[in-house]
Amino acid sequence: MAALDDLAFDPWDPAFVADPYPAYAELREQGRVRYFEPTNQWLVAHHADVSALLRDRRLGRTYLHRFTHEEFGRTPPPPEHEPFHTLNDHGMLDLEPPDHTRIRRLVSKAFTPRTVERLKPYVEGLAGDLVSALAEAGGGDLLTDVAEPLPVAVIAEMLGIPEADRAPLRPWSADICGMYELNPSGDAAQRAVRASAEFSEYLRGLIAERRRNPGDDLVSGLIAAHDEDDRLTEQEMISTCVLLLNAGHEATVNSTVNGWWALFRNPDQLAALRADHSLVPSAVEELMRYDTPLQLFERWVLDEIEIDGQVIPRGAEIAMLFGSANHDPAVFTDPSRLDLTRADNPHISFSAGLHYCIGAPLARIELAASMTALLEKAPALRLAAEPERKPNFVIRGLEGLAVEV
């Protein structure tokens with residue numbers, strides 16, 4: 001195994017976070033799997049391996065359905081983090097069958113193509129209103145004025161969260177998602193725990209209200225599920241709602257600002273898009289590939305596996321580098337070039353296998369709606385100031401994106 005100091009991967013280096021793609025190229029050249037001591041993880045950087053491992057049932061998002069912490073050779077989380085882990089561990093993203101199957105089967109009823117298609121007029125109308133307000137103001141912050149409010153409002157509407165209650169949703173989500181970074185700080189953990197407790201308490205009240213007065217929303221639908229096989233506990237319901245909000249907007253928000261920042265840096269592609277709005281669907285896919293909103297996804301090794309002659313034992317953790325996989329030249333021709341007409345684009349930004357993003361069709365509608373609205377209502381949109389990138393590595397985004405119309 002090569003020494004650590006020859007490894008370009010450094011998720012705490014601002015220069016790496018600003019542009020990790022050259023380091024990924026080095027990592028891919030060095031082999032198919034590398035051990036990274038600072039996080040005690042095995043890094044997997046090639047598209048073929050990441051794609052295969054996402055579908056490999058010898059890996060899991062959790063191990064607690066088969067082992068205790070001690071049996072798996074892991075230290076239990078500290079008791080003071082309990083509100084976060086209770087919330088996180090009962091969501092389907094961090095569950096394996098049969099619990100994952102039961103919850104996903106129920107939630108997927110809200111994300112059928114037919115249901116999502118019915119949301120399209122609402123999404124497009126909201127996107128149009130947000131962009132109109134931005135244009136009338138002569139510009140603003142694309143992050144806070146368009147990218148954030150659109151998907152938060154859509155998910156909140158689906159869940160039946162009243163408009164008056166929506167202000168804390170984005171801050172709660174941001175604090176909870178801070179725990180998904182590599183080796184989060186004590187402060188980040190404290191914020192995540194507090195947000196988990198506050199969000200859970202709010203949802204308990206909302207669920208109690210929906211039990212008394214059901215509505216035409218997802219929370220009421222989850223409560224009304226009469227099939228004993230599908231019925232959720234209250235904690236599963238709370239965790240599902242939080243997961244839908246976090247996953248349902250985090251990637252969309254970051255895809256929007258990462259995407260427009262990429263377009264501003266590639267004026268030829270932006271000009272082509274402005275000239276031909278029919279490129280919007282392929283542009284959405286290419287921008288998600290080009291600057292991936294979720295750079296890393298973790299899996300536990302439940303049963304020993306082997307990658308390129310390297311045995312990875314049970315109890316180890318694998319870090320699949322989505323950003324690297326999406327820039328693998330074995331799959332993508334000239335991967336560092338932004339090409340909005342790229343036809344063959346099997347990016348894995350929505351994951352794959354059992355945990356494929358249930359909200360992918362909705363995310364695509366939201367991204368296309370905001371992009372189309374900006375092209376139509378703000379055709380001369382330009383960058384007003386160089387953006388600052390968030391220091392996070394796993395969830396990749398910007399602090400803001402100042403624009404002028």
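Just so you know, residue 1 is the first one in the sequence shown, and it goes up from there.
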Is any side-chain heavy atom of [X] less than 4.5 Å from a side-chain heavy atom of [Y]?
X: E96; Y: W300; value: no
X: P97; Y: L354; value: yes
X: L294; Y: V394; value: yes
X: L143; Y: L398; value: no

Worked check of side-chain contact (heavy atoms from CB on, under 4.5 Å) between V253 and L150: CA-CA 8 Å; V253 169; L150 176 63; over 6 Å; no
At what distance, to the nearest 0.5 angstrom, does [atom1] of [X] lie from [atom2] of [Y]?
X: L243; Y: I238; atom1: CG; atom2: CD1; result: 13.5 Å
X: I207; Y: S220; atom1: CD1; atom2: OG; result: 10.0 Å
X: F297; Y: I348; atom1: CZ; atom2: CD1; result: 10.5 Å

Does NZ or CZ of R289 fall inside the cone over F332's six-membered ring, less than 6.0 Å from its centre and within 45° of the axis?
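Judged by the rule (NZ or CZ under 6.0 Å from the ring centre, within 45° of its axis), R289 counts as positioned above F332.
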query = What do you reckon, are the aromatic ring centroids of Y24 and H327 less than 6.0 Å apart?
reply =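 Ring centres of H327 and Y24 not closer than 6.0 Å.
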Please determine whether a side-chain nitrogen of the Lys or Arg among [X] and [Y] lies less than 4.0 Å from a carboxylate oxygen of the Asp or Glu.
X: D291; Y: R396; answer: yes
X: E366; Y: K120; answer: no
X: D49; Y: R28; answer: no
X: E117; Y: R114; answer: no

Qualifying residue for side-chain contact (heavy atoms from CB on, under 4.5 Å) with T240, from V107, L159, L93, V219: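 Between T240 and the candidates, side-chain contact (heavy atoms from CB on, under 4.5 Å) is satisfied uniquely by V107.
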Start with the C-alpha distance between R102 and E236, add both sets of side-chain angles, then the distance that settles salt bridge (charged side-chain N to carboxylate O under 4.0 Å, His left out), and finish with yes or no. CA-CA 11 Å; R102 173 173 53 86; E236 287 172 340; 2.6 Å; yes
For the residue pair [Y] / [X], report whether a side-chain donor-acceptor contact shorter than 3.5 Å exists.
X: T62; Y: D89; result: no
X: Q235; Y: S239; result: yes
X: R204; Y: S200; result: no

